[in-house]
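The figures that follow rest on heavy atoms only: side chains count, while hydrogens, waters and symmetry mates do not. Keep in mind the model is a prediction, meaning the values are calculated, not measured.
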Amino acid sequence: MKVEIEKLTIASARAGLRAREFSATELTEAAIAVMEAARPLNAMITETPERARAMAAESDRRLTRGEAGPLEGIPIAIKDLFCTDGVQTTAGSRILKGFIPPYESTVSANLWRAGAVMLGKANLDEFAMGSSNETSHFGRVENPWRRADGKPLVPGGSSGGSAAAVAAGFCLGATGTDTGGSIRQPASFTGIVGIKPTYGRCSRWGIVAFASSLDQAGPMTRTVRDAAIMLGAMASVDEKDSTSVDRPVPDYEAAMTGDVRGLRIGIPKEYRVDGMPAEIEALWRQGIDWLRSAGAEIVDVSLPHTGYALPAYYIVAPAEASSNLARYDGVRFGLRVPGNSLPDMYAKTRGEGFGAEVRRRILIGTYVLSAGYYDAYYVKAQQVRTLILRDFERAWERVDAILTPTAPSAAFGIGEKSDDPISMYLNDVFTVPVNLAGLPGISVPAGLSREGLPLGLQLIGRAFDEETLFRVGGVLEEAAGFSARPQTWWKG
Amino acid sequence: MTSNLMRGETGEWEVVIGMEVHAQVTSRSKLFSGAATDFGAEPNSQVSLVDAAFPGMLPVINRECVRQAVKTGLGLKAQINRRSVFDRKNYFYADLPAGYQISQYLQPIVGHGKLTIDLPDGSSREIGITRLHLEQDAGKSLHDQHPSATFVDLNRAGVALMEIVSEPDMRSAEEAAAYLSKLRTILRYLGTCDGNMEEGSMRADVNVSVRRPGEKLGTRCEIKNVNSVRFVRQAIEYEARRQIDLIEGGGKVEQETRLFDTGRGVTRSMRSKEEAHDYRYFPDPDLLPLELSENFIEEIRRELPELPDEKKSRLVNELGLSAYDAGVLVADKESADFYEVVARGRDAKLAANWVTGDFFGALNRSGKGIAEFPVTAAKLGGLLDLIANGTVSNRLAKDIFEIMVETGKEAAAVVEEKGLKQVTDTGAISAAIDQVLAANADKVNEYRSGKDKLFGFFVGQVMRAMGGKANPAALNELLKKMLAGN
């Protein structure tokens, strides 16, 4: 039968597969067809239809035997930052073009073990550095959503390919990584759900590192329930990642009780930033009303060091990146541009292999770690980080979750901000504090802008309390009743 | 104590030396990966994806290496830091795959300790240990395999090293050599580093400066990667003289890194302070701070073996050895272990004399190690037993020992085969004495008229007549009686 994958969710596909309404193979064929039709979006760097078909066939056998895993037969996309055994992994960079890892990241291995089907590797900002998916060596990704004027929009970033893939409807979920907002901001820009779990919830092993103390993998899906199902399969403690945390993975789906009565939701006054569009403010107020009507208690809180988060982030993240990216030197794998000496080979390889934004961040990071500047920048930024975490800890004495906008705007036009790094970096103003504090944060689509573009609201929770985020997120989603879909202009 | 000062054209100079020793941790696998650490393996055959710094790979601390570092710290009577932090030391080189070395910068696993050096004149001095930290080794660049390309062998990349930093407490090349030897001895006793400098398991960076006695410290030069005790001594002697000549000639010592040219016996400039790397140290975000429990440390403390200084004082105080003999015996763990087996249940001093005398003499001549030498501790012990129970004389035992060295046979077997058993039968000895006295009637008279010194002559004659087999005590007693005329 012909499966309309664009209309499914992980939960409904799971039910359909188990009830034999369609097979995993039929679902995967539908996904491949939509993926191929959606190529104008440039959401994928590598498509793996043959692997997908083989995996779907395996899923069908397991479904027949009644051995289905929690994601059995569900087609997903993997951000091309996760190393996949035998499949090119580029991190969106020329320097890794053609790199085929002989190993599988822990998160993707967990997903395959749960029965998921790999459609391919999703496009991203180069080394996950960006908020618009315009820095990929493999070309920018276009947002499936368009304004009335038809101007092409960015899908957000860095997990822009993953977000576009889910929003365009050819996969039911995609992995993302979030260092400063790279799951939540594109989720908000494309009208989908994205959760950055607590730092340490998912293993970082096999994920190309950007900023190790901030990077965290998470799911991007169409619904909150789907995110709960998918995170449950991704999360694990991993002896290969010393920063992963040994805590049992709860049944996140079961946490979605639909009941938020008595929960205290904090509204941080510092998130009311200058120049925030009125429609974002209005949506936020709307979210507050929905949760209050559902029986939650709304509490004003203060996170006084919020204003220092973005500057601190743009010291810590580039510092770690400058060191993490030193291994791309042309010696062992990836691009090598020959030179007449070792330093010359380094300069040519890295000069030609890395794009402008990556080079910019390597330079910033190298600078802030240099002798004489380390204390003024890096040490100070780490102190700010401690203060930000303390802000949240104080808030947790009074509230169970915090509600904020996800991003200060709807999706912007391609090229609009690419010449202005500061205005680009401001996209992360609401998401970055969560990474600095290592907390979980979820973005839930909550409404449309004046121009008909999706807008998300963010919920922030206590460390390892993703359950509350799914619970509150589910109620928010229900109240918002967000059902808008982008017009499939790319098919025409 | 002799003066350590060096004489220059314009007066005396004091040399100030500190040392950073890199000691490879004895461990089957690397500091942050499961790859093997065997020496001399095929190039790039002991390299994990972590060691080669593939994308997304993460380090995981090897507990065994942590244990070894703590054990070493305890052996150096040092402070063990319950919390330490791994940092990244960033620099680019082809044999450094990640572009950074994981090391410990501000918070090392081991803090202040001390080590006592023993000097040739019998005196000893305490040298302060500043710290010990764990770090990764780099790989090896091979420049001689191809006319225009460099090859890289990553077998060593990621191997655990302990960097042991001393205070600038040494004042002569002699003291520096003694420090390095003693440190190596302690590491071998502990089993935390094999100390094989020729295989690169131990390397020293030596900091040298000179000053007028009593003045403040001079500018230092660091001599990198010196790989033997002898070269440490030579490098310091050359470098101190170079600095003195430089200053006395109106020049100034520049802070720099130098290399010791072993062929020519000189140090050469490698890079100046201005060319020094900015390592951009920062805590490695892939690793949690290393937290050690008191129990973990105590458990290691309980496993500590007896160390050379303690062993030496036990040999002196409990077994009655001279400080010199004890010092010689404990300087090498294998020698000390050998001695302890020989001395167990036997006369400790006799055992010490034999081990430090005939045994070491023969061992050195053979060029072999204790393990391959034909006379084992048990065999030497067997020989000492024959001396103790009067079967052979000490003199005869020396001949037997030589045969044992040649043949590897047990002492008792040699005695049996060669009929070297000592004669204690008084009848046989008396008969031999009779003959000697009869043949030397004139000397007997001289002796009897007071020339006591001739006693030794008679002993020698009787011994020779009996092929050296007479029991010396019985011989002496009988001879005395018979010379007295009864």
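- The most heavy-atom pairs under 4.5 Å with chain B, out of Tyr328(A), Phe82(A), Tyr103(A), come from Tyr103(A).
- In this structure, the separation between OG1 on Thr243(A) and CG on Leu58(B) is 7.0 Å, given to the nearest 0.5 Å.
- Pairing each heavy atom of Val60(B) with each of Glu239(A), the nearest pair is CG2-O, 3.4 Å.
- Ranking Ser323(A), Cys83(A), Gly206(A) against chain B, the residue ahead of the rest is Ser323(A), based on heavy-atom pairs under 4.5 Å.
- Within the 4.5 angstrom heavy-atom criterion, atoms from both the backbone and the side chain of Thr366(A) approach chain B.
- The greatest number of non-hydrogen atom pairs below 4.5 Å with chain B, out of Val331(A), Asp329(A), Asn324(A), Leu325(A), is found for Asn324(A).
- Within the 4.5 angstrom heavy-atom criterion, atoms from both the backbone and the side chain of Val208(A) approach chain B.
- More than 12 heavy atoms of other residues, nucleotides or ligands sit less than 6.0 Å from atom CD of Glu298(B).
- Counting non-hydrogen atoms of other residues, nucleotides and ligands closer than 6.0 Å to OH of Tyr373(A) gives a total of 12 or fewer.
- The 12-atom threshold is exceeded at CZ of Arg82(B), counting heavy atoms of other residues, nucleotides or ligands nearer than 6.0 Å.
- In this structure, the side chain of Tyr346(A) engages the main chain of Ala94(B) through a donor-acceptor pair within 3.5 Å.
- Residue Leu342(A) touches chain B through its side chain alone, counting heavy-atom pairs closer than 4.5 Å.
- By the 6.0 Å contact criterion, NZ on Lys240(A) is enclosed, its count of non-hydrogen atoms from other residues, nucleotides or ligands being greater than 12.
- A 6.0 Å sphere centred on NZ of Lys348(A) holds more than 12 heavy atoms belonging to other residues, nucleotides or ligands.
- In this structure, chain A has heavy atoms under 4.5 Å from both the backbone and the side chain of Phe92(B).
- Put simply, the side chain of Asp278(B) gets close to the backbone of Ala371(A): a donor and an acceptor are under 3.5 Å apart.
- Chain A forms more heavy-atom pairs under 4.5 Å with one residue of Tyr100(B), Tyr279(B), Tyr91(B) than with any other, namely Tyr100(B).
- The aromatic rings of Phe99(A) and Phe54(B) sit tilted, their planes meeting at an angle between 30° and 60°.
- For the pair Ser242(A) and Leu288(B), the tightest heavy-atom approach, listed with the atom from each and the gap, is O-CD1, 3.2 Å.
- Scanning all heavy atoms of the two residues, the minimum distance from Pro285(B) to Ser212(A) falls at CG-CB, 3.6 Å.
- Nearest heavy-atom pair across Arg327(A) and Met57(B) is NH1-O, 4.1 Å.
- Of all non-hydrogen atoms in Ser322(A) and Arg280(B), the two that sit nearest each other are OG-NH1, 4.4 Å.
- Contact count versus chain A (heavy atoms, under 4.5 Å) is highest, among Ala98(B), Pro59(B), Gly99(B), for Ala98(B).
- Atom CZ of Arg220(B) has 12 or fewer heavy atoms from other residues, nucleotides or ligands within 6.0 Å.
- For Tyr199(A), the part sitting under 4.5 Å from any heavy atom of chain B is the side chain, from C-beta outward, and nothing else.
- Side-chain contact between Arg204(A) and Asp286(B): present, with at least one pair of heavy atoms (C-beta onward) separated by less than 4.5 Å.
- Residue Pro55(B) comes nearest to Leu96(A) through the heavy atom pair CG-CD2, 4.2 Å, listed as atom of the first residue, atom of the second, then distance.
- For Ala319(A), the part lying near chain B is the backbone, with the side chain staying farther off; criterion is any non-hydrogen pair under 4.5 Å.
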